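Take a look at the structure below.
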Number of protein chains: 2
Amino acid sequence: MEDRQNSLRQRSRRAVQAELVELAQGLFVERGYESTTVDDIAAAAGMSKRTVFRYFATKEELVLGKYDLLSDELLRRLRERPLGEPLWTSLRRMFDGVVAYFADNAHASRAAAMERVVTSTPALHAAYLHRVSRMQAEVAALACARAKSADDVGPVAVVGAAFACLAAARAAQASTGRSIELLLDEAMDAVAGLRRERRAPQGHHER
Amino acid sequence: MEDRQNSLRQRSRRAVQAELVELAQGLFVERGYESTTVDDIAAAAGMSKRTVFRYFATKEELVLGKYDLLSDELLRRLRERPLGEPLWTSLRRMFDGVVAYFADNAHASRAAAMERVVTSTPALHAAYLHRVSRMQAEVAALACARAKSADDVGPVAVVGAAFACLAAARAAQASTGRSIELLLDEAMDAVAGLRRERRAPQGHHER
DNA sequence: GACTAAAATGTCACTCAATGACAGATGCGG
DNA sequence: CCGCATCTGTCATTGAGTGACATTTTAGTC
């Protein structure tokens with residue numbers, strides 16, 4: 001039990017994982033997520049189903065596993081922002097990495113097919129949203145800590161709004177092909193530009 | 001094939017569905033969602049597993065089925081808002097029904113346990129988010145139609161931000177016990193009160 | 001290079017959600 | 001009372017995921 005990390009075994013494990021992801025996603029894009037069984041994947045990889053499940057706890061992880069890294073990156077970027085900066089600006093800068101990632105066409109075209117599989121497969125899309133939700137919660141916790149407002153809805157809502165802007169921008173990029181950077185700026189400007197009328201004078205309970 | 005709707009059969013079907021929901025949710029709260037099998041529910045209801053699946057397509061629907069009605073209500077409320085009203089205000093008013101629902105303590109205490117089950121069960125929470133996401137998309141489509149801006153990110157982002165506020169308010173209500181009405185106003189004011197610094201002068205691609 | 005302990009793999013059996021097919025029961029309209 | 005649609009139970013099957021156990025690989029040591 002010496003090296004612990006990056007032993008030869010660890011590296012080969014990573015290699016097998018990467019290979020499985022590549023292989024599985026190819027099959028998913030080709031024949032669809034639901035109609036590709038884990039047995040199919042295992043057969044294609046020349047291993048037993050049980051072994052596939054030793055590399056990935058669930059079938060979904062073959063698709064969504066990569067998003068686990070994203071969380072750390074977002075938190076790191078947000079932590080790097082100066083304390084005095086408005087939260088909305090910090091959040092926009094936090095997304096710079098993601099934006100650059102999706103702005104890269106070489107990647108975009110490769111991942112686009114997989115994105116389509118995700119959004120068109122209810123179970124997969126649900127799991128995706130769950131991961132985003134967890135990420136969002138972590139970012140919100142950090143934002144609350146920054147604002148020194150422990151249990152305040154404000155930061156949580158603002159972080160949620162920022163993620164909603166990112167989602168809207170990604171969707172618009174997928175459908176219109178416009179630049180995600182511009183779309184995100186547009187979306188975040190639209191939200192930051194909101195003005196609300198005064199609240200209705202008295203209670204308005206209905207139904 | 002006369003009445004079609006509300007025939008005796010339809011009503012009895014609804015009754016059985018309601019009974020199953022009640023029964024199942026009781027078991028879920030008591031023993032947890034994952035450790036309650038559909039067989040358990042069927043046995044408790046005195047019917048076969050197969051029959052349960054004739055009333056509910058999936059186990060999740062026993063918990064999340066009610067949210068399907070919510071979508072129509074939101075759309076109806078939004079449609080009732082005057083065209084000249086700012087979108088953010090219309091969205092706040094759109095939530096009035098939901099707010100009233102969750103402000104009712106009699107309901108809140110009954111549903112609170114179930115809410116906890118949902119948020120603490122990954123699979124359920126994911127399915128919940130998926131439904132909310134679909135609802136949000138419908139509302140966004142309506143908002144875009146109102147704004148006469150077909151494929152604009154703005155309305156989509158704003159609607160997403162509004163839903164994020166609702167989610168934040170609900171979460172805060174669950175943890176702090178404060179009034180959801182005030183919390184939602186606070187959250188939506190926080191988002192509407194955002195001001196953003198001018199964008200960074202030139203491109204900022206990294207990584 | 002042989003030895004040993006750990007890790008990886010395959011096989012088998014199992015649970016549980018979900019679906020299709022078929023047969024029998026139930027209940028409504030005439 | 002009969003005929004027909006609907007409801008229901010039973011059985012078989014698929015597919016994800018898990019536990020247990022035996023076997024094979026492989027890394028590190030002498």
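The structure presented is a predicted model; accordingly, all values stated were derived computationally and were not measured.
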Taken to the nearest whole Å, CZ/Phe28(B) to C1'/dA17(C) is 12 Å
**OP:** Would you indicate what Ser35(B) reaches in the nucleic acid, counting non-hydrogen atoms under 4.0 angstrom: base, sugar-phosphate, or nothing?
**Re:** nothing
**Q.** Salt-bridge contact Glu186(B)-Arg178(B) (side-chain N to carboxylate O under 4.0 Å)
**A.** yes
Here the distance between atom P of dC16(C) and atom CD of Glu34(B), to the nearest Å, is 12 Å
Rounded to whole Å, CZ of Phe53(A) lies from P of dC12(C) at a distance of 18 Å
Item checked: Audit row: Leu74(B), Val98(B), side chain to side chain contact (heavy atoms under 4.5 Å, CB included) steps and yes/no -> CA-CA 9 Å; Leu74(B) 291 179; Val98(B) 188; 3.9 Å; yes
Atom CD of Glu60(A) and atom P of dG15(D) are separated, to the nearest Å, by 17 Å
| query | Are any non-hydrogen side-chain atoms of Leu124(A) and Val117(A) less than 4.5 angstrom apart? | reply | yes
Separation between CG (Leu62(B)) and CZ (Phe28(B)), nearest 0.5 Å, reads 5.5 Å
Whole-Å distance, Leu124(A) CG to dG15(D) P, equals 18 Å
Which of Glu85(A), Arg146(A), Arg81(A) passes side chain to side chain donor-acceptor pair (under 3.5 Å) with Ser90(A)? Answer is Glu85(A)
In whole angstroms, the gap separating P of dA16(D) from CG of Leu62(A) amounts to 11 Å
Report, one pair per line, the protein and nucleotides 7-9 of chain D atoms (nitrogen or oxygen only) whose separation is under 3.5 Å.
residue	atom	partner	partner atom	Å
dT8(D)	OP1	Tyr55(B)	OH	3.3
dT8(D)	OP2	Tyr55(B)	OH	2.8
dG9(D)	OP2	Ser48(B)	N	3.1
dG9(D)	OP2	Ser48(B)	OG	3.0
dG9(D)	OP2	Thr51(B)	OG1	2.2
dG9(D)	N7	Arg54(B)	NH1	3.2
dG9(D)	O6	Arg54(B)	NH2	2.5

Whole-Å distance, Phe56(A) CZ to dA16(D) P, equals 15 Å
Listing, residues 42-49 of chain A side-chain donor-acceptor contacts under 3.5 Å, not counting sequence neighbours, or none:
residue	atom	partner	partner atom	Å
Ser48(A)	OG	Thr51(A)	N	3.4
Ser48(A)	OG	Thr51(A)	OG1	3.2

To the nearest angstrom, the NZ-C1' distance between Lys59(A) and dC16(C) comes to 16 Å
